[in-house]
Amino acid sequence: MDQQVNTQDVLKVNGLTTYFFTRRGVVKAVDDVSFTVRAGETLAIVGESGCGKSITALSLMRLIPSPPGRTIAGTVMLDGTDLLQLSEPKMRQMRGNKISMIFQEPMTALNPLLTIGRQVAETLILHQNMSRQAAQARAVEMLKFVKIPEAEQRAREYPHQLSGGMRQRAMIAMALACNPRVLICDEPTTALDVTIQAQILELIVELQRNFGTAVILITHDLGVVAETAHRVIVMYAGRKVEEASAEELFHRPLHPYMNGLLGSIPRVGLTKRATASEHVALQEIPGIVPALNDLPIGCAFAPRCPNAGDKCRAAIPPFEEKLPGHFAACWHSDVGAKVPT
Amino acid sequence: MSNPPPVIEVTDLKKHFPIRKGLLRRLVGHVHAVDGVSFSIGQAETIAVVGESGCGKSTVGRTILRLIQPTAGTIKVNGTDITTLSRHEMRPYRRQMQIVFQDPFASLNPRMRADDIVGEPLMVHGIANKKERAEQVAELFVRVGLRPQQARNFPHEFSGGQRQRISIARALALNPKFIVADEPVSALDVSIQAQVLNLMVRLQRSEGLSYLFISHNLAVVEHIAHRVAVMYLGRIVEFADTADLFANPQHPYTEALLAAIPVPDPAMKRTRHIMQGDVPSPINPPLGCHFHPRCPIATERCRVEVPLLKPGADGRMVACHLR
Ligand SMILES: Nc1ncnc2c1ncn2[C@@H]1O[C@H](COP(=O)(O)OP(=O)(O)OP(=O)(O)O)[C@@H](O)[C@H]1O
Ligand SMILES: Nc1ncnc2c1ncn2[C@@H]1O[C@H](COP(=O)(O)OP(=O)(O)O)[C@@H](O)[C@H]1O
Ligand code: SF4
Ligand code: SF4
Ligand SMILES: [Mg+2]
Ligand SMILES: [Mg+2]
């Protein structure tokens, strides 16, 4: 299925570590996370809320609120340049140009006082040295491109005049205006209806095909992952705990956390019951995600893990290749491996 | 007939919100949030209401509870018409009907301790003395799976799933017969979602509770509901047993909704038909069938004539000229 994925690595992240230094202690939001994204590839990052997905994305963009946050280690190589070493003015030339990001709530990224046409145009003027007139024309083209109906008219409207789906399209138009190498989508459809979600995901995939953009898709929706991602990394409590191709991960989850997540989602068509009133209980993952400023010693998942043993509570399991191309951080991944039914 | 009346029965329910503009607050139109909705809910039954944002799901739930006054129609509780009861007359019914909201943080008072939140309805209704109340609250904590040691904690000290358990415990305090659950798991992580859904099913079995379960997550709905009402712009367009609806959707809108659900299995990645366009404004909804601008099989008739919700072959209700 990876035919259209180029083998060229666009973004190489190594040992990324971002902590928040707060009065309640050090919050290890992202701890030693590494991954690579190739041109035309979609890498999904999944995990429960608070596990460090957004902070990973913001670290790549160098948008961590500081203080209290700081990226204290790692490299983020974009086409051979380490973004973490750039001066702030140099980084500003990258953002929205070579690496762009779209957010869950478009209103946070759009300026409520500017028409959406103007906002797309400003990006082009800033990065592509276009004249205002040329940029305005190109902005309308971009809005058409992301399938905003009556684009000329809509370009003159303000964000609050658009529906949620259209705002998300406008933000995508802005993010893609300069044809970036990497597009980070942080929960791009979480606030939208399934119908509009399907439209937006289709749009992202189509644009990616046309431009060969490397896409990082952050979501907690495993359905969205299965439909759009080539490769997936699973995060838990700030660390990467599993990585594999989407097919492999869904059919042979090795980490008990991923296995638990797959068991806990209701699936259309798969709810088996003899009569209408006979529910089959969903599999639960007991307990909750640990606080990142007070992580247990050893495996962070141990307090919720059915397979946890003494070793798990003593030392953090290494992230290893367990099967060809399939990595996991678990002392007993052989026990956790089972095909979900 | 010896059959007991349904726990809830609504007939031709309507809620039109006035829209006012300008300094003089001149009336310029109405939002037809709910526009003629009828259904009933039996004992220990879960009816789900699904549909896109703004189609009137929450308004149906709030109107049934008389949190907002309907514009027209009737609401019966165990056969008694409560549509026009006064505040005072409503009191015994209030106890039987409760609501659980989507956002477990916004709906809990941040300055109250968990046990006071859960016990407040008992106090408001003057039901138990202090000691009895403490006992009942402790029992409610156990029933929803909260640790009694956390009773004196504030909402922010709980996780999302635990906060939703507090909301459910509070809703259960007065031994209701009926609960409106408005997107009760939408704000929760999947692993926590499963905990809350399992709890709701367990409580339904042990207490014979009836639910109106409002959700936009169709997979969750298939899991929990006995029957499903699909709403579009204030009207029910299809109403069927859950299994029938998912196996064989009849209304083109139901088909489109089901087709849009992403399936958590990469092997089933499909080339699907994706419905285009947004939900039109409920202020000036399209004439005829509200769905016609997005319907792939619309005909001339659909643009002028409103399709009525009528029983189809297998007992389900569909509002479509062609189905
Ligand atoms: N108090 C109000 N005044 C005016 N219009 C309202 C009011 N409450 C709701 N509406 C409108 O009524 C329609 C239905 O709203 P409702 O909240 O019932 O939708 P919903 O189906 O619950 O949507 P969601 O999935 O977003 O929660 C919407 O168009 C909404 O804007
Ligand atoms: N400004 C901040 N100060 C302290 N901690 C923060 C801040 N922003 C985020 N965090 C913490 O970092 C962790 C990861 O957050 P985030 O990446 O937003 O999670 P998610 O996976 O839901 O996107 C969380 O525990 C969060 O509480
Ligand atoms: S290392 Fe141990 S506790 Fe952690 S996931 Fe594996 S089995 Fe569970
Ligand atoms: S009545 Fe017409 S427009 Fe409406 S759903 Fe049926 S076919 Fe489509
Ligand atoms: Mg996030
Ligand atoms: Mg609602």
Side-chain angles (χ1 to χ4, degrees), chain A residues 1 47-50 147 149 163-166 189 191-199 201-202 220-230 232 245-251 257 260-271 273 276-277 279-289 304, chain B residues 44-46 51-55 158-162 187-195 197-198 201-202 204-205 216-227 241-243 246-247 253 256-270 272 274-279 281 294:
Chain A
M1 66 153 309
E48 283 174 90
S49 78
K147 300 186 182 134
S163 69
M166 262 197 272
T189 58
L192 304 175
D193 281 310
V194 279
T195 47
I196 311 301
Q197 164 170 285
Q199 296 171 7
L201 292 176
E202 184 189 44
H220 63 270
D221 186 329
L222 295 174
V224 169
V225 173
E227 291 220 332
T228 45
H230 300 108
V232 187
S245 73
E247 270 93 353
E248 169 76 11
L249 184 72
F250 279 76
H251 287 111
Y257 175 58
L261 282 185
L262 284 173
S264 63
I265 37 173
R267 295 153 185 245
V268 164
L270 290 185
T271 305
R273 44 174 114 129
S277 59
H279 287 87
V280 179
L282 294 168
Q283 186 181 323
E284 295 177 19
I285 302 179
I288 58 165
V289 187
R304 307 174 74 186
Chain B
E45 188 182 31
T46 301
E52 286 164 287
S53 179
C55 70
F158 292 89
S159 70
Q162 288 172 324
L188 305 178
D189 276 314
V190 282
S191 76
I192 310 296
Q193 208 176 53
Q195 297 172 7
L197 290 173
N198 286 345
V201 170
R202 271 203 310 279
Q204 177 162 64
R205 287 207 191 128
H216 65 268
N217 185 332
L218 289 144
V220 166
V221 163
E222 191 193 27
H223 180 75
I224 199 153
H226 301 105
R227 288 188 293 154
D241 280 349
T242 306
F246 281 85
Y253 180 61
L257 271 185
L258 292 183
I261 312 170
V263 179
D265 182 352
M268 286 167 67
K269 224 176 263 189
R270 11 167 217 173
R272 51 180 178 180
I274 294 176
M275 178 171 55
Q276 298 302 325
D278 281 336
V279 188
S281 155
R294 298 168 88 189

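Within every chain, numbering begins at 1; the chains are lettered A, B, ... in the order of the sequence lines, protein sequences first and strands thereafter. Note that the structure is predicted; figures quoted are calculated from it, not measured.
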Quiz item: Say you draw a straight line from CD1 of B:I224 to CG of A:L282; how long is it, rounded to the nearest 0.5 Å?
Solution: 8.5 Å

Practice problem: With sequence neighbours excluded, tell me which residues meet side chain to side chain donor-acceptor pair (under 3.5 Å) with B:N198. | Solution: A:E284

Quiz prompt | Structural part of A:P286 lying under 4.5 Å from a heavy atom of chain B | solution = backbone

Quiz item: What pair of heavy atoms forms the shortest contact from B:Q195 to A:I285, and how long is it?
Solution: NE2-O, 2.8 Å

Quiz item: What residue in A:L192, A:V289, A:L261, A:I196 has the most heavy-atom pairs under 4.5 Å with chain B?
Solution: A:I196

Quiz item: Got a donor-acceptor contact below 3.5 angstrom from the B:Q193 side chain to the A:I265 backbone?
Solution: no

Exercise. Provide the closest heavy-atom pair for B:P266 versus A:A246 in the form atom of the first, atom of the second, distance.
Key: CG-O, 3.5 Å

Practice problem: Measure from the side-chain N and O atoms of A:E247 to the backbone N and O of B:A267, and report whether any donor-acceptor pair falls under 3.5 Å. | Solution: no

Practice problem: For A:P266 and B:L197, work out which heavy atoms get closest and say how close. | Solution: CG-CD1, 4.4 Å

Self-check item: Residue that, paired with A:T195, satisfies side chain to side chain contact (heavy atoms under 4.5 Å, CB included) out of B:H216, B:R294, B:Q276
Solution: B:R294

Quiz item: Between the side chain of A:Q199 and the main-chain N/O of B:M275, is any donor-acceptor distance below 3.5 Å?
Solution: yes

